[in-house]
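All figures in this text were calculated on a predicted structure; none of them were measured in a lab.
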Amino acid sequence: GQYAGEPTYFYQTGPDGQRYAGGGQVQIDVTPIAGDPGATIDKMRVVKAAALAPAEPSSADRSVAAMATAQIAQAQADLNAMRSAERRGETVDKTV
């Protein structure tokens with residue numbers, strides 16, 4: 001999807017001398033969107049859903065989902081802090 005990099009494949013030579021993909025990996029972007037906790041939450045929900053989409057998620061899939069869940073929690077805390085500060089009339093630094 002939009003937060004995944006290009007796949008990288010690992011090849012093995014079969015008994016017939018041909019090369020076959022024996023595995024691979026895809027880098028997933030789990031970085032927060034600076035200054036926009038709401039957008040970070042939306043992004044991480046997409047990442048988490050994609051990671052848990054397979055019928056049997058791998059340990060790497062579950063790890064990505066856990067990282068996304070942690071980012072959602074942090075972004076939600078940041079969003080709550082920003083809203084509280086705004087209600088108190090404080091200036092909010094959105095570059096964090």
How far apart are the closest heavy atoms of [X] and [Y], and which atoms are they?
X: P57; Y: A51; result: CB-O, 4.0 Å
X: Q12; Y: G22; result: OE1-CA, 3.4 Å
X: P37; Y: M82; result: CG-SD, 3.5 Å

* Asked: Checking Q71 side chain against T40 main chain: does a donor-acceptor pair fall under 3.5 Å?
  ->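 The answer is no, because no donor-acceptor pair under 3.5 Å joins these two groups.
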* **Under 3.5 Å: donor-acceptor pair, side chain of D61, backbone of S58** =>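 At least one qualifying donor-acceptor pair exists.
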* Rounded to the nearest 0.5 Å, what's the gap from CE on M44 to CG on D29? Could you check? =>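 M44 CE to D29 CG: 6.5 Å, rounded to 0.5 Å.
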[X] atom [atom1], over 12 foreign heavy atoms within 6.0 Å:
X: K43; atom1: NZ; value: yes
X: Q25; atom1: CD; value: yes
X: R19; atom1: CZ; value: no

* Asked: Quick one: do V26 and L52 end up in the same hydrophobic cluster if we chain Ile, Leu, Val, Met, Phe, Trp and Tyr together by side-chain heavy atoms under 4.5 Å apart?
  ->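 In one cluster: no.
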* **ILVMFWY cluster, I72 and M67 together (side-chain gap under 4.5 Å)** =>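 I72 and M67: one cluster.
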* To do: Determine the sole option in V30, V46, V64 for which the side chain to side chain contact (heavy atoms under 4.5 Å, CB included) test with Y3 is passed.
  =>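 The residue from V30, V46, V64 that satisfies side chain to side chain contact (heavy atoms under 4.5 Å, CB included) with Y3 turns out to be V46.
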